Each structure stands twice: as C-alpha cells, then as structure tokens.
Visitor: 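Take a look at the following structure, please.
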Amino acid sequence: MTEEAVVFGKSAALMGVLTYPPKHCADDDLPGVLLLNSGIVHRVGPNRLYVTIARSLAEMGHVVLRFDFSGIGDSGPRADSLPFVEGAIGETQEAMDLLRATKGAGRFVLAGICSGALIALRTAARDPRVSGVISINLAGHRSCNGLYYGRTLLRHYKRIALSKSFGLRACRNAMFGSIDVATLLGAARSLAASMFTSNHASPDNPMPFRELLRQLVDSGVPLALIHSEGDEGLDYMYLALGNELRQWTREEKVQLLVIPGANHTFTLLENQQDLLDSMRDWMKKRRQGVETQVAAGRL
Amino acid sequence: MNNQNATIPSSSLATALRAAGGGEGFFFKNDAKPLFGCYLPAQRRTARKCGVVLCYPVGHEYGICHRAFRQLAQRLAVDGFPALRFDYYGSGDSAGDCREGGIAQWVSDTCSAVRTLRAKAAVDSVYLVGCRLGASLALLAAPALEGIAGTALWHPITSGSVWLKELEAEHRRMLLRSHVARKEAAPGDDQILGFPVTQTMRAELEAMDLLADCTALGQRVLLIESEEREATCLLREHLEAAGADVTERQDLSSMPWAWSENPTKLLVPAEIIQSIVAWLKGASA
C-alpha cells in the first residue's frame with residue numbers, strides 16, 4: 001500500500017492524502033472513496049480514524065482520498081464568500097474530479113462523521129457520480145428548527161437513562177452524587193434555548209434531512225446510516241423518519257447500523273474496530289449488490 | 001501581551017498568512033518508514049539562515065494542537081523562518097499503526113525531520129519547537145543533532161510516568177462522563193483516550209525523566225508554562241545546570257489539554273504563538 005500527498009482544487013489549495021490499494025488487490029471497477037472532514041478535525045479524523053479507515057478500505061481494492069476542506073487542517077482559505085456547506089460540496093466534487101482525472105474513477109462512495117456525513121449526503125443529492133454514502137453520526141437535529149431539536153434531546157436523554165449500556169451507570173452516578181452538574185446545566189440551557197430558535201431550518205421545512213434522505217432513497221443511492229448508541233443523531237433519525245426508516249431497512253434501501261456502547265467520536269478502540277468492520281461489511285454488500293445488478297443487466 | 005511582532009501591521013499580516021497557506025505536504029523517510037511533513041518556506045525576500053522544526057504532541061493532544069501548529073508555522077514563515085511540521089511514525093498522516101510508536105522511534109523521527117528541513121532549506125542552524133511530549137522529544141533529540149541553535153518547550157512533559165497517570169485519570173473521567181460502555185477488556189488491551197498504549201510504549205514513557213535523561217545542553221531554551229509548576233522549576237534549574245540559556249514565559253493563555261468529546265472547542269493560543277515567534281526572532285537576530 002502506498003500513500004501520496006496531493007494538493008488540488010480550483011477555489012482553494014486543498015490538501016489531501018491518497019491511499020492506493022496494494023497492486024494484488026487493486027480493482028479499477030471499484031468506486032473511489034472520499035472521507036470528509038468531521039467538524040474542524042483535520043483529515044486524519046477523530047482518534048486517527050480516517051487513516052485507519054482509508055488503509056483498511058484500500059486493502060479491499062479502493063483508492064481512498066481523505067482531504068481537508070478549505071480553511072480546515074492544512075488547506076488554504078477560499079477567496080469567495082460562499083457559505084461553508086456550499087463550498088464543501090463544491091470541494092468534494094473537485095476531489096471527485098481529481099480522482100477521475102488521475103485514476104479514472106467514475107463512481108464514488110462518500111463517507112464522513114458528523115458534518116462530514118452532512119456534506120456527503122448533500123453532495124450525493126447533487127452529483128450522479130456518487131454511488132453510495134456512509135453517513136456516520138449525522139447530527140441532523142442541529143439543522144432542525146428548535147422544537148425538533150428539543151424533542152431530539154429529550155428522546156436522547158430518556159433513551160440513555162433506560163439503555164442497557166448506559167442506564168445503570170447513569171443511576172450509579174446519580175446515587176453517588178457523581179454527576180457533572182456543569183454539563184447537565186449546559187444541556188438544560190441549550191435545550192431551553194433551542195425551543196426558541198430556528199437554527200438553520202426554514203419555517204416551511206422544519207426537518208431538512210428528512211426530505212434529503214427521502215430524495216436519496218427514491219433515487220436509489222445506497223445508504224449506510226451508522227450511529228453510535230450514545231449519540232443524539234440516532235434519536236433524530238428515529239424521530240424524523242420512524243416507521244419510514246424501518247421500512248427502508250426492511251426493503252434494504254438503507255442499512256441502519258448502531259454501534260453499541262460508542263460515543264460520538266468512537267473514543268474506545270473496540271468501538272473504532274466495530275465501526276471499521278461495519279464499513280467494510282457494507283462496502284462488500286454494496287459491491288455484491290452492484291455485481292448482481294450487472295449480472296441481471298440492470299446496470 | 002507581547003508586542004514584538006509589530007513589525008508587520010495586522011492587516012498585512014492577515015494577507016501574508018493567507019498567502020503562506022498550509023504549506024507543501026510530502027512524505028519523507030526515516031529508515032524506510034514514510035513520515036508526513038508539511039513544509040512552509042520563508043515568505044520574506046531575505047529568508048533567515050535558521051529554520052524551525054515543529055514537534056507535535058502525541059495521542060489526543062496531537063489533535064488539540066494541530067491548528068495551533070499550523071498557525072505557528074505560518075507566522076514563522078511570514079517572519080522569514082522556513083518551517084517544517086511533521087508527524088511521527090504511527091501518528092497523524094505518517095505510515096505505521098498507532099501501536100508502533102514509542103519514545104525511541106519518535107526521537108529518531110525528530111532527527112530525520114531536522115535533516116529533511118536542512119535538505120529543503122539552506123539554513124545554517126535549526127530551532128526545535130515542541131509541545132507537550134513533543135517538547136520532551138525535542139529536548140531528547142537535540143544533543144544527537146548538529147547545529148541545533150535552541151529549543152522552545154511548550155508545556156513540556158517532564159516525567160513520562162506522571163503524564164501517564166494524568167492521562168489515565170482523564171481516561172477514567174471520560175469513561176464516567178461520556179456515553180461509552182466498555183466491553184470485557186481483552187488481555188493486554190491498553191488504551192488511553194482513543195489511542196492504544198502498548199507495553200513497549202508504556203515502559204518507554206515510564207522510564208522517561210527529563211531531569212535525568214537530558215544532559216549537556218549548551219543552547220538557548222524557551223520554557224513556556226501557563227502557571228507555576230514545581231516540575232517546570234526543577235526542569236529550568238536542571239537545564240541551567242546543563243549549560244542552557246533559559247528564558248521562561250509564564251502567565252500566558254492556557255491550552256485545554258483535557259480530553260473533550262466536542263472537537264469544535266479547539267483553540268489557537270495567540271499569546272503563546274506570539275511569544276514563541278518573538279523569542280525565535282530575538283534569539284536568531
């Protein structure tokens with residue numbers, strides 16, 4: 001396996017690292033994979049997870065590019081005043097252009113944690129070259145209006161209190177007075193404040209991700225929605241999509257994977273391994289699905 | 001507030017920093033092991049004759065420090081210092097698994113980075129700037145290198161065993177507060193705040209004591225602390241006894257080295273960065 005540092009991009013100097021598969025397992029028919037920044041964490045990802053993921057997927061035969069959006073990590077700033085999401089979508093497309101021009105890749109799987117998931121989904125809705133999305137801990141509630149944000153947090157804390165993984169510890173902490181009062185007060189304050197703010201959602205579209213996911217499912221883009229058990233984004237998914245999500249998973253349009261005992265950034269090593277295994281399994285299934293469709297003459 | 005950077009007006013500085021960008025990313029090798037480096041050439045017409053190698057912390061502190069180091073490298077480049085940031089083997093973008101790192105490897109990587117900077121920039125001497133364990137590694141690597149003019153130690157780890165205990169306490173706090181649930185730990189499974197700690201790594205860290213390991217050092221040293229610490233006082237005395245010309249800066253903004261699940265709380269400590277740049281300018285004048 002080899003890795004190469006690259007600088008690309010029209011609107012800003014974007015820095016990335018390309019991971020190539022070993023020669024014996026390289027397969028030009030496999031889609032390229034792009035790993036998109038999680039918040040402002042640079043391209044190595046939280047706990048160096050993106051490096052681990054990139055090398056693991058390269059061992060499966062994929063060319064993987066992890067890069068920094070403009071203004072993050074080692075990439076330069078943009079000269080224009082485009083909003084972050086718009087700029088990041090354009091830069092993801094520039095990354096696809098790079099892999100097409102240099103490696104001949106025509107199809108791509110986009111993956112990202114948190115805001116990286118957001119950019120992956122939005123790009124997939126706009127660019128037909130995206131043939132799969134691995135959305136990890138999408139924090140959809142942060143783009144909702146205040147009511148849904150508050151409901152997500154309430155559902156989250158109720159689920160945590162009752163969960164097998166965390167409930168017992170929560171009770172123990174409460175009994176022994178081992179409670180982080182500052183964190184609790186902060187959560188209560190943001191919950192109260194959220195009820196009276198609209199965040200980024202427009203009044204006629206209070207839950208923008210619900211529509212986005214519906215659009216992607218309708219257009220047949222394979223989706224893996226991976227969530228940590230301890231993450232709020234999972235509650236948003238259930239709240240926003242409920243039975244619709246269950247139906248999609250039954251029909252295998254969407255794969256919902258919950259990593260037990262994990263937090264938002266997969267701090268524990270065993271959770272990192274679970275995430276990696278889930279991604280590898282999904283990539284294999286996706287590949288088998290494509291091969292089946294090709295054999296049936298549908299692709 | 002340190003005003004020694006006033007040679008560049010703030011508006012021009014912003015423009016110059018934008019022009020400096022993140023730098024040139026590339027891989028260089030240490031004993032056939034590829035290491036990632038990011039090189040920023042001096043932006044001034046008359047580049048200084050000394051360059052700077054920046055030594056990151058390791059583990060979760062690496063992520064906390066990354067943006068601050070990028071800013072520091074840009075400021076140095078604007079002030080005429082060619083600067084090289086690099087990732088140790090098994091860390092950041094460099095090759096290797098996190099389990100393959102260790103003090104001996106990282107000190108060797110630091111020496112390799114200094115040679116790489118010399119190859120890239122025509123400099124007579126090199127300053128090392130290290131943060132947390134990176135500061136300790138810089139101090140340990142310096143005696144093995146020729147032409148090291150000085151070392152800036154930003155919140156250095158004086159004792160590896162004390163640091164490990166602090167990290168383990170932080171890890172226990174994380175297990176208590178964060179929504180994580182441990183499975184049965186496998187034998188030999190050792191981890192701290194998202195990163196593995198091997199037996200070799202642990203043994204090397206427990207044995208690391210700057211007060212014992214750091215011997216003759218006839219160079220300039222900048223010691224940066226946010227508060228008075230006994231370990232820092234002892235280190236200062238030890239360095240002075242070893243022949244170093246030590247400058248100490250205290251009461252600067254602190255850095256949140258504690259683990260946080262929310263990575264959006266990363267800070268860039270402008271005062272510390274200004275202080276390092278000002279010291280380097282003074283020392284190399």
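The structure presented is a predicted model; accordingly, all values stated were derived computationally and were not measured. Here is how names work: the chains are called A, B, and so on, in the same order as the sequence lines, proteins then strands, and each is numbered from 1.
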Visitor: Go through the atoms of Pro196(B) and report whether side chain, backbone, both or neither lie under 4.5 Å from a heavy atom of chain A.
Guide: both
Visitor: Could you give me the CA-CA distance, side-chain angles and deciding distance for Ser228(A) and His264(A), then say whether side chain to side chain donor-acceptor pair (under 3.5 Å) is met?
Guide: CA-CA 6 Å; Ser228(A) 299; His264(A) 186 62; over 6 Å; no
Visitor: Glu229(A) versus chain B, heavy atoms under 4.5 Å apart: side chain, backbone, both or neither?
Guide: neither
Visitor: So, for Phe69(B) and Tyr56(B), is the gap between ring centers shorter than 6.0 Å?
Guide: yes
Visitor: In terms of heavy-atom proximity below 4.5 Å to chain A, should His60(B) be classed as side chain, backbone, both, or neither?
Guide: neither
Visitor: Let me know if Phe195(B) has heavy atoms under 4.5 Å from chain A in its side chain, its backbone, both or neither.
Guide: both
Visitor: Do His42(A) and Tyr62(B) have ring centres separated by under 6.0 Å?
Guide: yes
Visitor: Mind checking ring-ring contact (aromatic ring centres under 6.0 Å, His included) for Phe81(B) and listing every partner two or more places apart, or none if nothing turns up?
Guide: none
Visitor: When you compare the side chains of Glu91(A) and Ser70(A), does any donor N or O come within less than 3.5 Å of an acceptor on the partner?
Guide: yes
Visitor: Please classify the contact between Ala13(A) and chain B as side chain, backbone, both or neither, with a heavy-atom cut-off of under 4.5 Å.
Guide: neither
Visitor: Among Glu3(A), Arg55(A), Arg66(A), Glu4(A), which residue has the highest count of heavy-atom pairs closer than 4.5 Å to chain B?
Guide: Arg55(A)
Visitor: Taking only residues at least two apart or on different chains, which pairs with a member in residues 28-39 of chain B satisfy salt bridge (charged side-chain N to carboxylate O under 4.0 Å, His left out)?
Guide: none
Visitor: Under 3.5 Å, is there a donor-acceptor pair between the Arg43(A) and Tyr50(A) side chains?
Guide: no
Visitor: Would you mind checking which part of Asp87(B) comes under 4.5 Å of any heavy atom in chain A, side chain (CB onward), backbone (N, CA, C, O), both or neither?
Guide: neither
Visitor: Name the option with the most non-hydrogen atom pairs under 4.5 Å to chain B; the candidates are Ala79(A), Gly73(A), Pro260(A).
Guide: Gly73(A)
Visitor: Ignoring hydrogens and angles, state whether a donor on the side chain of Ser108(B) or Asn30(B) is under 3.5 Å from an acceptor on the partner side chain.
Guide: yes
Visitor: Select one option (side chain, backbone, both, neither) describing which atoms of Gln272(A) are under 4.5 Å from chain B's heavy atoms.
Guide: side chain
Visitor: So what's closer than 4.5 Å to chain B heavy atoms on Leu49(A): side chain, backbone, both or neither?
Guide: neither
Visitor: Under a 4.5 Å heavy-atom cutoff, which of Ser94(B), Pro34(B), Gly59(B) has the most pairs with chain A?
Guide: Ser94(B)
